[in-house]
Amino acid sequence: MGDEWKTMRSIISPTFSSGKMRSMHPIIIDCVHRLDNYLETKVMAGEDVETKKTMGSLTMDVIFSCAFGTKIDTYNDHKTNEFLVNTKEVFSGAVWRLWVFIALVKISPKLFEWTGFQIIDPSVQKFFITAVSD
């Protein structure tokens, strides 16, 4: 575990250096301004705000902006934006995939390897690989 952790830390640490975090600060502030505009619109219209969903949208906005350099309308565009649709698929995904994954690993790890079964839908995985590559 020690060597594995050391390797993982040496890979991840540069991503979260103080300099990189400082450079992300203006991006995060921009995301918060978009949240502020969204909340202001809701208040002016007298509409309720679903806090959990709204904070989840802020989180997604920050991740996409910092990791992919992409500004997306996380507050209003949940059904058509490719990033949001594919991310939702990763996190909520088909429950059957999780059950098949667990069953294959428990029943026969060799069968699991042989089938090449993936817990994440291959089309979703391809989308993110392409997004990161681009």
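The two residues Cys66 and Ile28 come nearest to each other via the heavy atoms SG-CG1, 4.1 Å. Nearest approach of Lys42 to Val49, heavy atoms of both residues: CB-CG2, 3.7 Å.
A heavy-atom distance below 4.5 Å is found between the side chains of Asp30 and Lys71. Counting only heavy atoms from C-beta outward, the side chains of Thr41 and Glu47 never approach each other to under 4.5 Å.
How far CG of Leu39 is from OG1 of Thr51: 8.5 Å, rounded to the nearest 0.5 Å. Expressed to the nearest 0.5 Å, how far CG of Leu35 lies from OG1 of Thr59 amounts to 10.0 Å. To the nearest 0.5 angstrom, Met21 atom CE is 10.0 Å from His25 atom NE2. Atom NZ of Lys52 and atom OG of Ser57 lie 12.0 Å apart (nearest 0.5 Å). A distance of 11.0 Å separates CG of Asp36 from CD1 of Ile29, quoted to the nearest 0.5 Å.
Placement of Ile63 and Ile27 in two distinct hydrophobic clusters is found when ILVMFWY residues are connected by side-chain heavy-atom separations under 4.5 Å, directly or transitively.
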